[in-house]
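Start at 1 and go down the list; that is how both ligands and their atoms are numbered.
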Amino acid sequence: MAENKNKSEPRQRGWSIADFEIGKPLGRGKFGRVYVAREAKSKYIVALKVIFKEQIDKYNIHHQLKREMEIQTSLSHPNILRLYGWFHDEQRVFMILEYAHGGELFKELRKCGYLSEKKAATYVASLANALAYCHEKDVIHRDIKPENLLLDHEGRLKIADFGWSVQSRSKRHTMCGTLDYLAPEMVENKAHDYAVDNWTLGILCYEFLYGAPPFEAESQRDTFRRIVNVDLTFPSTPPVSAEAKNLITRATFGQGFFKEAVSSEDLGAPMDNQECKSNGQL
Ligand SMILES: CCc1cccc(CC)c1NC(=O)n1cc2c(c1)/C(=N\C(=O)c1ccc(N3CCN(C)CC3)cc1)N=N2
């Protein structure tokens, strides 16, 4: 992001809309629009997300927006869209986002119908790396879908829109002493926290390779039923390797596998009682 000519001097004042030349609109979400913009001094290209405060009040999304900005500013990974900073005026909140020149991944998917295994594998690997990074920082995105994936000028995948992400409660999940007396839902709860994103990896891999998500159905009710029954079928075309099908199966059916395989490191290493007492946390 733009820095003062004199690198050593931190920016004296916050950003304001006067610092930016606003370009064409890139899209609109439920709560605001995103424009391509250029920082006037450095000519650095960014995406400026504009959210009207009356929308924030109307939908009561102060906490969600605050959480989105805190989480996304704390993340720095090649496959996660950067949030460089933010500012506000009387009516609006502005988020200064990394500009992804390649646009939305789902448009590429809709244009091609489905992707080659090589390209799908590249995207799934990027997603897995980004999600592993998020999970190490106790962040769960929870809304990974093609519409929230962008491409940079080199075609590199960028996860955007952390509006539904949460900071997992894992700190309080660090187990004190033995797991032996914990109820299944406690043991599974922590493991399931992250599994929601891991499940999505399998769904997206399927959609990259077949052009549609695996549990699509006429009605939401039928989709729900297919998901809970993990009603996973592989069409005969396009041809997909056994390895790819295995990855999808393990990421979805793997839920059962995942539960059985939950081990202590998934739950945060047990702390000895002394540390627990000092932290006063479960
Ligand atoms: C408000 C819009 C919105 C709603 C909900 C979720 C999201 C995250 C994806 C967003 N977008 C968002 O936050 N965005 C943050 C962003 C961002 C969107 C973005 N780029 C683009 O949207 C874009 C679109 C098309 C494009 N071209 C299409 C035609 N091609 C020939 C040339 C390239 C080039 C760039 N860069 N940072």
Novice: Per the side-chain contact (heavy atoms from CB on, under 4.5 Å) rule, which among Glu90, Arg92, His88 passes with Lys53?
Specialist: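 One option only clears the test, and that one is His88.
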
Novice: Using a strict threshold of under 4.0 Å (side-chain N to carboxylate O), is an ion pair present between Glu216 and Arg226?
Specialist: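 No, Arg226 and Glu216 are not salt-bridged.
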
Novice: Does Glu104 pair with Lys107 as a salt bridge, N-O distance under 4.0 Å?
Specialist: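 A salt bridge is present here (some side-chain N lies under 4.0 Å from a carboxylate O).
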
Novice: Among all residues two or more places apart in sequence or in another chain, which pass the side-chain hydrogen bond (donor to acceptor under 3.5 Å, both in side chains) test with Asp57?
Specialist: His62

Novice: Does a side-chain N-to-carboxylate-O contact under 4.0 Å join Glu70 and Lys66?
Specialist: yes

Novice: Please tabulate, one line per pair, the protein nitrogen or oxygen atoms found under 3.5 angstrom from a nitrogen or oxygen of ligand 1, with distances to 0.1 Å, or say none if there are no such pairs.
Specialist:
residue, atom, partner, partner atom, Å
ligand 1, 20 (N), Ala100, O, 3.1
ligand 1, 36 (N), Ala100, N, 2.8
ligand 1, 37 (N), Glu98, O, 2.9

Novice: Between Lys145 and Glu207, does at least one N-O distance fall below 4.0 Å, as a salt bridge requires?
Specialist: no

